[in-house]
Amino acid sequence: MRIDFHGSPEPTLGVEWELALVDRRTRDLRNDATHLFARAKPRLADPGKLHKELLRNTVEVVSGICHTVGEAMDDVRGTLEAVVPAGDELDIDLYGAGTHPFASWTVQQLSEGHRYEELINRTQWWGRQMLIWGVHVHVGLPVQERVMPVLSALLNYHPHLQALSASSPVWAGVDTGYASNRALMFQQLPTAGLPFQFATWAEYESFVQDQMTTGVIDEQNEIRWDVRPAAHLGTIENRICDGVSTLTELAALTALTHCLVVDLDARLAAGEELPTLPPWHVQENKWRAARYGLDAIIITDAASHERLVTDDLTDLVERLAPVAERLGCSAELASVLEVPRRGASYQRQRAVAAEHDNDLVAVVDSVVRELRSSLQ
């Protein structure tokens, strides 16, 4: 099976931010995306930047094709400036995290569409459990032959991105003990989770052919890996991150992804063989980051050396600083290190719960406030 990767001559950016809809009074989820769309889309210059998702309690804000992190953030902010007032009129607030702390999956409504119906029909209980939200970042790559090596090398930084964004510690009213419960829930879907580490594009084409022949997927976009190629867009798509509650954190994660992909591609183009981890180390790192977040001790190389993820992040940001300068995102990349100083979302949520005698409504309040404040 031939799959043409429509390479991007520039390392362009695209950002997708999934947000939950919560009731202003009860703080439970609201299945009112249709009503929100009806009010918000007429106010948008490009209504296509606001998407529906699997469940009616979710909206996705999508940027256009951007060249810098700042441009992408301005694009997203512009859409939210129409969506937030539309929500106000419906007593709905936007909520940015990987999971909701107390909502019940049993009362959530499926969005209209054959694709969504087929997903639930196939995945049943696990599909219905998907009360999860994330951030996706696309980065353009120029050459098809470099896509899979860059993808495999990017997995070395899976735990860094997971730990920084971790925002889903509580599920169904219970603290799971994980920084990112979302990361481990999402991989229960049959085509989700970690990607296979193919050496060549031809191996990927063969895999997709097998998946289609055996009926695992009908379309390429049904491959829901944490990192995947988007051949029609000419990008690598980072889907590792939990949902985030501030524009500042969104910018930091976007900058880190942008710099990593551009750096890896440039090194490969210059003839360097990119370092990769064995799949068993990649899998373990994902679990450690999901479990321990910023306290995770991760495996850093094929020789099984280990290091605290925040120590490795400090050196990584310093190493990528020249790349960030060329891409115009120095400030945004530097803000990556503010996340450990301030506390990641999972840590902030737990602190609010502790301060309010485990009142999870207060946790939702805090996440909503963070999002609103970041847009001001």
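Nothing fancy with the numbering, it's 1 onward along the sequence. Owing to the predicted nature of the structure, the values given are computational and were not obtained by experimental measurement.
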Only counting residues at least two apart or in another chain, list the ones meeting ring pair (Phe, Tyr, Trp, His ring centres under 6.0 Å) with His160.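 Once residues adjacent in sequence are excluded, the partners of His160 under the ring pair (Phe, Tyr, Trp, His ring centres under 6.0 Å) criterion are Tyr157.
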Under the rule for ring pair (Phe, Tyr, Trp, His ring centres under 6.0 Å), what residues qualify as partners of Phe37, not counting sequence neighbours?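 Scan of Phe37 (ring pair (Phe, Tyr, Trp, His ring centres under 6.0 Å), adjacent residues dropped) gives none.
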Which salt bridge (Lys or Arg N to Asp or Glu O under 4.0 Å) pairs, counting each pair once, include a residue from residues 61-77, with sequence neighbours left out?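 Sorted pair list: Lys49-Asp75.
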Can you pull the salt bridge (Lys or Arg N to Asp or Glu O under 4.0 Å) pairs that have at least one residue in residues 159-174, sequence neighbours excluded? none
Pick one: which of Arg239, Gln187, His158 meets side chain to side chain donor-acceptor pair (under 3.5 Å) with Asp226?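 Among Arg239, Gln187, His158, the one that satisfies the side chain to side chain donor-acceptor pair (under 3.5 Å) with Asp226 is His158.
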Please examine the side chains of [Y] and [X], heavy atoms only from C-beta on, and report whether any two atoms are closer than 4.5 Å.
X      : Y      : answer
Thr200 : Met148 : no
Arg122 : Pro190 : yes
Arg224 : Phe186 : yes
Ile236 : Val147 : yes
Leu316 : Leu260 : yes

Less than 4.0 Å between a side-chain N and a carboxylate O, is that true for [Y] and [X]?
X      : Y     : result
Arg30  : Asp91 : no
Arg182 : Glu18 : no
Asp32  : Arg39 : no

Which heavy-atom pair separates [X] from [Y] by the least distance, and what is that distance?
X      : Y      : answer
Ala252 : Val336 : O-CG2, 3.5 Å
Arg24  : Asp93  : NH2-OD1, 3.0 Å
Pro149 : Leu274 : O-CD1, 3.9 Å
Gly243 : Val135 : CA-CG2, 4.3 Å
Ala33  : Thr58  : CB-O, 3.7 Å
Val69  : Ala251 : CG1-O, 3.7 Å

Does the plane of the ring in [X] sit parallel, tilted or perpendicular to the ring in [Y]? Use 30° and 60° as the thresholds.
X      : Y      : answer
Trp105 : Trp125 : perpendicular
Phe207 : Phe198 : tilted
Phe102 : His100 : perpendicular

Please assess Ser245 against Arg348 for the test side chain to side chain contact (heavy atoms under 4.5 Å, CB included), listing each intermediate value before the final yes or no. CA-CA 11 Å; Ser245 63; Arg348 303 195 302 268; 3.3 Å; yes
Within a radius of less than 6.0 Å around CD of Gln109, do more than 12 heavy atoms belonging to other residues, nucleotides or ligands occur?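 Result for CD/Gln109: enclosed.
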Between [atom1] on residue [X] and [atom2] on residue [Y], distance to nearest 0.5 Å:
X      : Y      : atom1 : atom2 : result
Ser165 : Leu253 : OG    : CG    : 5.5 Å
Ile120 : Leu55  : CD1   : CG    : 7.0 Å
Gln108 : Leu29  : CD    : CG    : 5.0 Å

Going by ring pair (Phe, Tyr, Trp, His ring centres under 6.0 Å), name the pairs with one or both residues in residues 344-376, residues two or more places apart or in two chains. none
Distance-only polar pair, side chains of Asn181 and Thr99, donor-acceptor under 3.5 Å: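 The criterion, which ignores hydrogens and geometry beyond distance, is not satisfied for Thr99 and Asn181.
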Does a donor on one side chain and an acceptor on the other come within less than 3.5 Å for Thr106 and Ser104?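 Per modelled atom types, Thr106 and Ser104 side chains form a pair under 3.5 Å.
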Kindly state each residue pair satisfying side-chain hydrogen bond (donor to acceptor under 3.5 Å, both in side chains) with at least one member in residues 293-302, sequence neighbours excluded.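 Sorted result for residues 293-302: Asp301-His305.
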